Amino acid sequence: MFHQFEKSIPTAVAERLSQQLQIEAPVHLEQPRDAKFGEFALPVAFQLARQLKQAPKAIAEKLVEAIGALPGVAAIEIAGNGYLNVRLDRGAYLASLIQPPAATAAAGTGKIIIEHTNINPNKAAHIGHLRNAILGDTFVRMLRASGETVEVQNYIDNTGVQVADVVVGFKYLEHKTIAEVEALAAAPRFDYYCWDLYARTSSYYKEHPDSLAWRAEVLHSIEAGTDEVSQLGHLVANAIVACHLRTMARLHIAYDVLPRESEILHLRFWASAFELLKERKALFLESEGKNKGCWVMPASAFRDAARAEEEDIDDSKVIVRSNGTVTYVGKDIAYQLWKFGLLGKDFFYEPLAGFPGVMVSTATPQPATQQFGAGKTVYNVIDSRQSYLQDVVVAGLRALGYEQQAEQSIHFSYEMVALTPRTCIDLRIPISEEDQKKPYVEVSGRKGLGVKADDLLNELIETAGREVASRNAEAAESERVEISTRIAIGALRYFMLKFTRNTVIAFDLQEALSFTGETGPYVQYAAVRAGRILTKLVDQGETLPNFSQLPPEQISAMAAELADENLWQLTLAVSKLESALNRSIGSGEPAHLARYAFQLAQSFSTFYENYPVIYEKNPDKKRLLLWMTGYFATQLQRTLGILGIPVPAYM
RNA sequence: GGGCGCGUAGCUCAGUUGGAUAGAGCAUCAGCCUUCUAAGCUGAGGGUCGCAGGUUCGAUCCCUGCCGCGCCUACCA
């Protein structure tokens with residue numbers, strides 16, 4: 001409801017100014033610093049001061065007169081040296097919250113594709129991957145909540161270097177047969193096994209540089225996709241993908257489709273993209289210098305052209321290596337073209353065994369049951385370290401003349417998750433003396449140093465479990481596990497969301513394990529307590545009024561209680577979800593919605609402390625408090641739902 | 001060298017696109033459980049918004065230059 005006014009007041013005011021005073025001015029709406037100034041502030045008089053060469057205050061007086069009455073607005077006042085402060089009609093506002101007018105369905109803006117998670121399928125997921133998946137999944141929920149159609153893709157790089165390295169480990173370091181690896185893959189924690197094996201292979205390369213030939217050979221086999229080595233590659237990648245999906249499912253993160261690199265190769269997506277790029281002269285064959293024999297994209301395509309020329313450095317990006325193989329970026333250009341429906345080719349799909357509702361790409365022809373790709377807007381949730389590569393991909397679109405799609409290709413970037421030195425020591429991760437003085441230490445998958453996603457979640461569940469047990473000793477064990485799992489998910493998701501995207505998270509285990517203050521469990525606790533009040537009411541034999549059928553005079557009587565400034569401010573705060581969601585989507589910052597959730601919970605805590613709902617004697621006030629309790633409960637649940645945070649039955 | 005980003009309370013971070021007295025959490029200190037769950041609430045202290053200019057009615061926010069830090073700048077991804 002608040003959001004309706006945010007949209008309607010500026011347009012209405014602009015219209016009146018135009019009609020009454022022939023003034024065309026953009027009208028901005030602000031929220032006053034102090035609530036006592038009203039619900040909205042219009043600084044329009046300041047903007048006009050120079051144009052009209054008059055004092056803002058004098059202008060403001062004319063404006064108020066010209067604007068006149070607005071629906072739902074009780075008063076427009078002049079304050080400070082020229083602010084117009086808008087006060088809403090509290091009674092009308094409450095009535096429209098209790099009995100909302102029929103909402104018009106929000107129109108989507110065309111299919112939005114979000115690619116997230118995208119973990120190399122060669123080892124267990126770690127906290128960095130969690131930030132990616134949680135950000136992506138939450139943004140998906142946010143867009144869907146605002147009426148958009150969203151398709152979630154999780155790209156699987158199953159033919160890349162990292163998978164090859166694990167295959168090298170199995171084949172050359174451990175001399176394992178396919179059957180032996182199959183047995184390992186079927187056992188629990190195969191992703192943990194590969195985590196260690198990958199680290200061992202990486203360090204083996206370092207000690208024996210000649211062994212890098214194994215990688216090249218294995219990579220070649222995997223790309224060709226015919227022999228036993230490639231079979232091993234698929235075995236590893238498929239099993240690890242399943243591990244990742246199970247890990248993410250624990251956090252309520254799901255996907256619509258898994259496009260795989262193996263199909264990009266076998267269905268010759270790259271060949272099509274390559275032809276397009278050559279045709280439009282977006283690539284050229286380098287004939288000299290360090291990139292001789294490679295197909296490269298000139299730096300001028302994705303960098304400032306003038307600068308690239310004046311400096312004598314070769315910033316060209318290799319797309320096809322001199323041995324004829326394609327880089328990841330090249331395949332990514334083909335994939336990006338497909339996402340927009342510009343490639344003229346499509347995958348085949350089949351259901352992914354063991355994961356209902358998830359489709360995976362295949363090269364084997366299948367009857368088409370679902371259509372994927374061909375989005376209008378594409379968000380790629382990718383770590384900010386890869387911004388250079390994302391620029392190259394967008395430059396590829398642009399070079400092919402797809403200007404509009406280039407504009408709609410959004411690198412939804414985020415900073416890395418590092419560890420605090422304290423946490424490194426807690427986890428027995430060796431760090432140098434120099435690193436101990438830094439605020440954070442970067443982790444390394446190659447070295448096998450980091451925090452695995454499942455370990456972290458398990459530890460959170462355990463910590464929450466101790467707390468739950470101490471408060472609810474009588475509850476059944478299985479129920480307690482369910483509750484503590486929900487709390488752990490809330491803690492983890494909130495922790496990953498509370499920071500804005502380009503803030504490096506210095507992950508601190510002790511901080512993450514804390515459930516007080518600005519955390520997910522704080523918000524969950526508010527939702528639980530709100531629900532508890534209503535449960536208690538019914539337990540006492542009272543019934544909750546049917547608010548949708550409430551007669552107008554009762555609503556008026558409730559509205560009279562909103563003369564209490566605190567109750568009015570609380571009601572306003574609860575009604576701002578849509579506004580917060582909109583702002584959060586507009587800024588591309590899920591952190592803004594997370595912060596709203598926290599503020600909403602704070603508002604509820606204030607309400608809870610100051611207004612004993614059940615013991616209220618005045619029937620009109622009690623009716624208002626009961627309605628507010630229900631409204632708080634609903635809005636807290638909705639907000640948490642959009643953040644992907646479940647609400648426990650009790651805490 | 002160049003590109004991108006960051007610098008706000010002791011610590012970790014917000015700051016709604018340039019507006020009224022710069023906000024949270026943690027930590028510290030002082031209080032609040034016989035009343036809907038204390039994972040909570042109330043209060044206190046804590047600031048040269050990195051530095052210096054500029055733009056204007058007004059700058060934490062925009063521009064320029066410095067200082068410090070991080071990431072990227074592969075025929076890895």
Side-chain angles (χ1 to χ4, degrees), chain A residues 28-34 37 41 43 46 49-50 55-56 79-83 85 118 120 157 160-162 165 215 286 290-296 303-304 307-308 311 313 315 317-323 325 327-329 332 382-389 391 413 415-416 418 420 438-440 442 446 464 467-468 471-472 487 498-500 502-506 508 511 514-519 521-522 524-526 528-530 532-537 539-540 579-580 582-584 586-587 589 591-592 595 598-599 602 605-606 608-615 629 650-651:
Chain A
H28 272 298
L29 205 60
E30 289 171 10
Q31 287 194 46
R33 176 157 305 287
D34 194 321
F37 291 123
F46 297 111
R50 193 162 16 139
N81 31 352
Y83 272 102
N85 288 335
N118 192 3
N120 270 301
D157 184 9
V161 174
Q162 296 211 20
D165 285 346
R215 172 196 273 174
E286 186 66 75
K290 61 172 183 169
N291 294 335
K292 186 178 177 183
C294 299
W295 285 87
V296 304
R303 287 279 170 83
D304 185 335
R307 198 190 57 75
E311 291 180 29
I313 46 170
D315 269 358
K317 178 63 197 169
V318 171
I319 305 296
V320 181
R321 302 181 187 104
S322 54
N323 67 4
T325 57
T327 59
Y328 181 88
V329 191
D332 216 16
I382 302 176
D383 156 5
S384 66
R385 285 175 290 195
Q386 298 190 44
S387 62
Y388 163 69
L389 300 177
D391 289 346
S413 68
E415 270 291 352
M416 62 172 171
T420 60
K438 291 183 177 174
Y440 56 82
E442 197 178 344
R446 226 162 272 248
E467 196 70 27
V468 172
R471 288 154 194 263
N472 304 279
I487 293 168
K498 71 194 279 192
F499 305 94
T500 48
N502 61 7
T503 298
V504 176
I505 297 182
D508 187 81
E511 194 191 326
S514 147
F515 298 153
T516 62
E518 194 193 338
T519 63
Y522 175 88
Q524 291 172 314
Y525 189 57
V528 166
R529 294 214 288 185
R532 270 293 166 115
I533 295 175
L534 301 176
T535 311
K536 185 98 178 186
L537 181 86
D539 286 352
Q540 291 187 352
S579 169
N582 224 267
R583 183 163 50 83
S584 192
S587 60
E589 287 289 3
H592 292 160
R595 184 156 278 263
F598 176 63
Q599 285 167 350
Q602 277 184 317
S605 295
T606 306
Y608 188 90
E609 294 290 330
N610 296 331
Y611 300 93
V613 179
I614 289 178
Y615 308 102
T629 305
Y650 57 85
M651 284 177 77

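In what follows, chains carry the letters A, B, and so on, assigned in the order in which the sequence lines appear, proteins first and then strands, with residues in each chain numbered from 1. Computed from a predicted model, the values in this text were never measured in an experiment.
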Taking [M] as the reference, what is the distance to [N] when you measure between their [atom1] atoms (whole Å, please)?
N       : M       : atom1 : result
rU48(B) : rA52(B) : P     : 12 Å
rG18(B) : rU64(B) : P     : 15 Å
rG5(B)  : rC62(B) : P     : 11 Å

Report yes if a side-chain nitrogen or oxygen of [X] is closer than 4.0 Å to either non-bridging phosphate oxygen (OP1 or OP2) of [N]; otherwise report no.
X         : N       : result
Tyr328(A) : rA77(B) : no
Tyr388(A) : rG2(B)  : no
Asn291(A) : rC75(B) : yes

Exercise. RNA chain B in dot-bracket, Watson-Crick or G-U pairs under 3.5 Å, [ ] crossing, | other strand?
Worked result: (((((((..((((.....[...)))).(((((.......))))).....(((((..]....))))))))))))....

For this session: Give one of base, sugar-phosphate or nothing for Arg446(A), where a contact means two heavy atoms less than 4.0 Å apart.
Result: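 It contacts base atoms.
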
For this session: Remember a base hit wins even if backbone is also touched, and classify Ala41(A) as base, sugar-phosphate or nothing at under 4.0 Å, heavy atoms.
Result: base

Seminar exercise, completed: Per the O4'-C1'-N9-C4 / O4'-C1'-N1-C2 angle with a 90° window around 0, rU37(B) comes out anti

Exercise. Where does rC57(B) land, syn or anti, given syn is within 90° of 0?
Worked result: anti

For this session: Report the residue (Tyr650(A) or Pro439(A)) whose heavy-atom-nearest nucleotide on RNA chain B is the more 5′ of the two.
Result: Pro439(A)

Exercise. Taking for each residue the nucleotide of RNA chain B with the nearest heavy atom, is it Lys438(A) or Pro43(A) whose nucleotide lies nearer the 5' end?
Worked result: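 Result of the comparison: Pro43(A).
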
Exercise. Can you name the residues that form a side chain to side chain donor-acceptor pair (under 3.5 Å) with Tyr440(A), not counting sequence neighbours?
Worked result: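 Tyr440(A): no side chain to side chain donor-acceptor pair (under 3.5 Å) contacts found.
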
For this session: Could you list the residues that satisfy side chain to side chain donor-acceptor pair (under 3.5 Å) with Tyr522(A), not counting sequence neighbours?
Result: Ser605(A)

Could you go over nucleotides 30-35 of chain B and give all protein N or O partners under 3.5 Å, atom names and distances?
from: rU35(B); atom 1: O2'; to: Tyr615(A); atom 2: OH; distance (Å): 2.8

Exercise. Would you say the side chain of Asn85(A) and the base of rA20(B) hold a donor-acceptor pair, judged only by whether the two atoms sit under 3.5 Å apart?
Worked result: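 Answer is yes: a donor-acceptor pair is held.
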
Exercise. rC71(B) base to Ser384(A) side chain: any donor-acceptor pair below 3.5 Å?
Worked result: no

For this session: Applying salt bridge (charged side-chain N to carboxylate O under 4.0 Å, His left out), name anything that partners Arg532(A), two or more places apart in sequence or on another chain.
Result: none

Pairs: protein N or O with nucleotides 13-17 of chain B N or O, under 3.5 Å:
from: rC13(B); atom 1: OP1; to: Val504(A); atom 2: O; distance (Å): 3.2
from: rA14(B); atom 1: OP1; to: Thr500(A); atom 2: N; distance (Å): 3.0
from: rA14(B); atom 1: OP1; to: Thr500(A); atom 2: OG1; distance (Å): 2.1
from: rA14(B); atom 1: OP1; to: Thr503(A); atom 2: OG1; distance (Å): 2.4
from: rA14(B); atom 1: O2'; to: Arg595(A); atom 2: NE; distance (Å): 3.0
from: rG15(B); atom 1: OP1; to: His592(A); atom 2: NE2; distance (Å): 2.5
from: rU16(B); atom 1: O2; to: Arg583(A); atom 2: NE; distance (Å): 3.2

